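Atoms within each ligand, like the ligands themselves, are counted from 1 in listed order. Since we're looking at a predicted model, the values are computed, not measured.
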Amino acid sequence: MAAKVHQFMCLQDNFGVLVHDPDTGATASMDVPEAAPVLAALEATGWTLTDILVTHHHNDHIGGIPAVKEKFPNARIVAAKKDEARIPGADVYVAESERVKVGNLTARIIETPGHTSGHIVYFFEEDRLLFAGDTLFALGCGRAFEAPPPVLHQSLQKIAALPADTQIFCGHEYTLSNARFSLTVDPENAKLRDRFATIQTLRDAGKPTLPTTLAVELETNPFLRPGDAGIRKQLGMANADDAAVFTELRERKNKA
Ligand code: ZN
Ligand code: FE
């Protein structure tokens, strides 16, 4: 049976997400930004936590783990091998292309260095679900804190190569401010303008803008489109390489 996904807010603008396998009852929390909303979501769904899948070491993604572990001591913690030192106490450390099971569901690990050097994302291939942490956001991407922007660009290109119908869950609700920025670098993009209106309506109603799909991001997210002629024209970088355009986009967004 297909995976069930439950998304909810944590902290200020972090998403919590539970992934549930109806066949076995296994349930994973994708990061634990904050314990109380994750525990409340488990209570509301009636699901029992079996796994905690960590994307990266930032506190707004792991801060809730100790309190959740106290309630579910058998929950297995999965984290990146490259973050062994910064995420101590995980039960399993994983690297590129390795598989993680949540009951009968299988996630493939994709290493996406950039936001942090050890960042990983979880791709449930059969269900076409991607949990992107702070690597990719709707209409944006994470800040390149621990690698030069071209490294993050390469990581995003790995995501861009996944099936277009992949549903993408992200670490934060940053979409409206990302949309405002996107319009400054890609003002002629009709699909982006339509999307901006939809996003504004959702946010005005207090609703989340996630999940998104890869198809939509490929059409509208400038950080996945450094090769686009319209964006290059807007930046005055018609003949630059993609990594240079990406770097310029990232630097402009940092200052926005
Ligand atoms: Zn982060
Ligand atoms: Fe974060």
Side-chain angles (χ1 to χ4, degrees), residues 5-19 28-38 41 52-68 77-90 93-94 96 107 109-123 129-156 158-159 167-179 181 199 203 208-212 217 221 223-224 246 249-251 253-256:
V5 182
H6 179 63
Q7 179 183 258
F8 48 94
M9 298 313 296
C10 295
L11 303 171
Q12 287 298 306
D13 52 31
N14 278 77
F15 284 108
V17 186
L18 299 177
V19 180
S29 180
M30 308 308 298
D31 291 328
V32 186
E34 186 184 9
V38 172
I52 296 170
L53 307 186
V54 178
T55 62
H56 67 296
H57 76 281
H58 285 158
N59 196 55
D60 63 313
H61 296 260
I62 64 170
I65 290 178
V68 164
I77 301 173
V78 179
K81 184 139 196 69
K82 287 187 176 143
D83 268 336
E84 216 163 334
R86 298 195 293 191
I87 310 175
Y93 289 100
V94 292
E96 178 76 17
I109 305 304
I110 304 173
E111 292 182 341
T112 57
H115 178 65
T116 67
S117 55
H119 198 298
I120 54 176
V121 301
Y122 295 85
F123 179 47
L129 299 170
L130 179 76
F131 298 91
D134 287 359
T135 293
L136 177 70
F137 297 125
L139 293 176
C141 68
R143 282 179 187 253
F145 283 130
E146 295 184 1
V151 174
L152 179 57
H153 168 61
Q154 282 310 311
S155 294
L156 289 167
K158 287 163 88 174
I159 291 174
Q167 272 200 291
I168 304 177
F169 292 81
C170 306
H172 293 267
E173 176 63 68
Y174 290 161
T175 314
L176 186 57
S177 72
N178 287 343
F181 172 77
I199 287 161
R203 295 311 292 147
T209 61
L210 276 287
T212 179
E217 295 308 316
N221 186 333
F223 295 95
L224 293 179
F246 178 85
L249 288 168
R250 191 55 266 176
E251 276 166 9
K253 179 67 168 71
N254 291 347
K255 291 182 214 133

Query - the Zn ion (ligand 1): angle it makes with ND1 (His58) and OD2 (Asp134), nearest 10 degrees - result: 170°
Requested in this report: Kindly assign one of parallel, tilted or perpendicular to the pair Phe246 and His153, based on the angle between their ring planes and the thresholds 30° and 60°.
Outcome: tilted
Requested in this report: List the steps and the verdict of side chain to side chain contact (heavy atoms under 4.5 Å, CB included) for Leu136 and Asn221.
Outcome: CA-CA 10 Å; Leu136 177 70; Asn221 186 333; 3.5 Å; yes
Query raised in the report: Side chains of His56 and Asp134: do they bring a donor and an acceptor to under 3.5 Å?
Result: yes
Report task. Round to 10° and report the angle made at the Fe ion (ligand 2) by NE2 of His61 and NE2 of His172. Result -> 110°
Query raised in the report: Can any side-chain N or O of Asn14 pair as donor or acceptor with the backbone N or O of Asp60 at less than 3.5 Å?
Result: yes
Requested in this report: Confirm or rule out an N/O/S atom of His61, from backbone or side chain, lying less than 2.8 Å from the Zn ion (ligand 1).
Outcome: no
**Report entry** Nearest to the Zn ion (ligand 1) - the N/O/S atom of His115, by atom name
**Finding:** NE2
Query raised in the report: Is His58 close enough that one of its N/O/S atoms sits under 2.8 Å from the Fe ion (ligand 2)?
Result: no
Report task. Could you tell me whether Lys82 atom NZ has more than 12 heavy atoms of other residues or ligands within 6.0 Å of it? Result -> no
**Report entry** Asp134 atom (N/O/S) at minimal separation from the Fe ion (ligand 2)
**Finding:** OD2
Requested in this report: For His61 and His119, run side chain to side chain contact (heavy atoms under 4.5 Å, CB included): C-alpha distance rounded to whole Å, both residues' side-chain angles, the deciding distance at 0.1 Å, then the answer.
Outcome: CA-CA 11 Å; His61 296 260; His119 198 298; over 6 Å; no
**Report entry** Short side-chain to backbone donor-acceptor contact, Asp31 and Thr55, under 3.5 Å
**Finding:** yes
Query raised in the report: Any idea which N/O/S atom from Asp60 gets closest to the Fe ion (ligand 2)?
Result: OD2
Requested in this report: Could you pull out the atom name of the N/O/S atom in His56 that is nearest the Zn ion (ligand 1)?
Outcome: NE2
**Report entry** Short N/O/S contact of His56 with the Fe ion (ligand 2) (below 2.8 Å)
**Finding:** no
